[in-house]
Amino acid sequence: MTDYSSIAGFRPAWLGDGRKKLLIDGQAVEARSGETFKSFSASTGELVAELALAGEADVDRAVKASRAAFEGPWSRFKPAERQALLLRLAELVDAEFDDLAMLDTLEMGRPITASKGLRGMLQRSLRHFAGVASAIHGQTLGNSFPVELLSYTLREPVGVVGAIIPWNGPLFSAAWKIGPVLATGCTVVLKPAEDAGLSALRFAELCHEAGVPPGVVNVVTGAGATGAALSAHPDVDKIAFTGSGPTGQRIVEASARTFKKVSMELGGKSPNIIFADADLDAAIPAAAMGVFNNSGQVCAAGTRLFVERPVYDEVVARLASFAQGLKIGLSLDPSTQIGPLVSQRQYERVAGYLALGPQQGARLVTGGARVTEGGLDKGYWVEPTVYADVADDMRIACEEIFGPVASIMPFDSFDEVIARANSSRFGLAGGVWTKDINKAMAAVKRIRAGSVWVNHYFAMDPAVPFGGYKMSGFGREGGSEHIDAYLQTKGVWIRTE
Ligand code: NAP
Ligand code: MG
């Protein structure tokens, strides 16, 4: 029997002695201060790596390298060269994919089977960005100026990008930040989350192995202060941020001093609506995994589950029994479906809401407790939890928990459920389950959110935009708007008479 209780036999060879440096100007370098920080396994509590802690001086060094690269040979790369580079990167990433997935699992605890499940999406994404590289184009525009002038637009890279990503899907987040950078000819300084920075670091190294010149892709591992230094740096042209609302607000404030272009992928409290005529055999498992996937640490989780009254009791019972059937276990065990939360801090946050639910009158149907038996005492596992009879104004129904907690609420009419679904300050995503196409389309039109899934939950693709309405942010990742955010438009006039 394989021993999944220690990371010892699972560490990718790349980790070596576990000491990792910053990646600046194509070189692995220590932080100027010599400071480091440690990253631990969310599943076993063991030390995974000790990383350099980038301070302001290091961020400045990385931004300078990024600027020099932006103005250097990289600016003369042809679209086809950037495309070839992205295709090579896709191959290198695929060849090393199991190790990259393992790095995420080792640090943030996502079950290994789920981490490995992202392979196709990552490949599609990198190959999509490769396609984009040779498809960027401006327009020729008619004008009515009194003298003859040809007018057209040029699409140019925005410049030095500061990318700041969270820990809940590090490899994927890094790819969705760096991919558009390489496609458009920008350069980047990437700041991963301190709880899970290794896969981003290795991904950036692979960019170099694929032929990216030094300085184009830099990684500054560190803490919140590292991200703050990046978002305040005067020579950063754009900040691409994924994370929480409060951090996003700090970044917007800091970026305002030099009017950086900013995109914000923030959190949510997404409604998932099951109408009585829905195919419940499909809706129930999808709605459950729409909450419990990655132990609920997913921005688009469908945590407000609205169920039409005639099927309410049935859905509550079947969803609870589905939740009870999920296999909670060590992250390295391929049969595990529910892994630990990322950290003690995240557990305390979730535990706070688990105490609040019943206090505010929600009915606990299943779950609600930490799990420590079976070798699960070194991390923070929370049972998939279902609350029924949740009122819209309870805090568990309003605030993003970022844990495996579903709130189920009954509804009686279409207009009522749409109004309640929209009563959130967030607007990241929503789900609709019905066999009635007209009802589905009416709901799609009225839900105020950046993504709506009908008879599905969680589909994502690099060709399709994803992002927030309201306090879930602004800007889109995926689709053409993703690329637009890395480009500037120049209007050009040429006298032709
Ligand atoms: P977070 O605390 O906002 O952290 C996100 C990133 O910002 C981390 O790299 C963090 O560094 C860094 N950071 C912290 N303070 C900063 C500051 N003052 N200035 C600049 N950067 C700073 O978010 P989290 O708790 O790690 O992640 C969970 C949140 O992300 C949830 O709200 C979730 O919904 C959201 N999310 C959204 C999406 C989306 O696409 N919409 C996707 C995934 C997650 P440290 O970690 O080192 O502190
Ligand atoms: Mg960790």
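Small disclaimer: the values here were computed from a predicted structure and weren't measured. Both ligands and their constituent atoms are indexed starting at 1 by order of listing. Along the sequence shown, the residues carry numbers beginning at 1.
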Pair E477, K177 - check salt bridge (charged side-chain N to carboxylate O under 4.0 Å, His left out), show working.
CA-CA 9 Å; E477 294 198 327; K177 298 290 189 252; 2.6 Å; yes
Taking 4.0 angstrom as the limit and counting only heavy atoms of I251, give me the atoms of ligand 1 inside it, by number and element.
19 (N), 20 (C), 21 (N)
Identify whether NZ of Lys or CZ of Arg in K116 sits under 6.0 Å from the centre of the six-membered ring of F97 and within 45° of that ring's axis.
no
Should [X] be listed as contacting ligand 1, given a heavy-atom distance under 4.0 Å as the test?
X    : value
G169 : no
D195 : no
P192 : yes

Decide whether an N or O pair under 3.5 Å exists between [X] and ligand 1.
X    : result
K191 : yes
E400 : yes
N168 : no
I165 : yes

Presence of salt bridge, [Y] and [X], under 4.0 angstrom:
X    : Y    : value
E400 : K269 : no
D17  : R11  : no
R202 : E96  : yes

Does the side chain of [X] come under 3.5 Å of the side chain of [Y] through a donor N or O and an acceptor N or O?
X    : Y    : answer
S115 : T105 : yes
E205 : W14  : yes
R119 : Q123 : no

Please list the nearest protein heavy atom to [atom] with its residue and the distance rounded to 0.1 Å.
atom                    : answer
atom 12 (C) of ligand 1 : I164 CG2, 3.7 Å
atom 27 (O) of ligand 1 : P166 CB, 3.5 Å
atom 26 (O) of ligand 1 : W167 NE1, 2.8 Å
atom 48 (O) of ligand 1 : E194 OE2, 3.3 Å
atom 3 (O) of ligand 1  : S244 OG, 2.6 Å

My question is simple, although I want it checked carefully: is atom 19 (N) of ligand 1 less than 4.0 angstrom from any protein heavy atom?
yes
Taking the ring centre of each residue, are W74 and F70 less than 6.0 Å apart?
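No, ring centres 6.0 Å or more apart.
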Sub-6.0 Å ring centroid separation between H482 and F129
yes
Please work out which of S343, A300, C299 has its closest non-hydrogen atom nearest to atom 42 (C) of ligand 1.
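The option holding the nearest heavy atom is C299.
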For ligand 1, indicate whether the residue L428 contacts it via side chain, backbone, both or neither (heavy-atom separation under 4.0 Å).
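For L428, only side-chain atoms sit under 4.0 Å from ligand 1.
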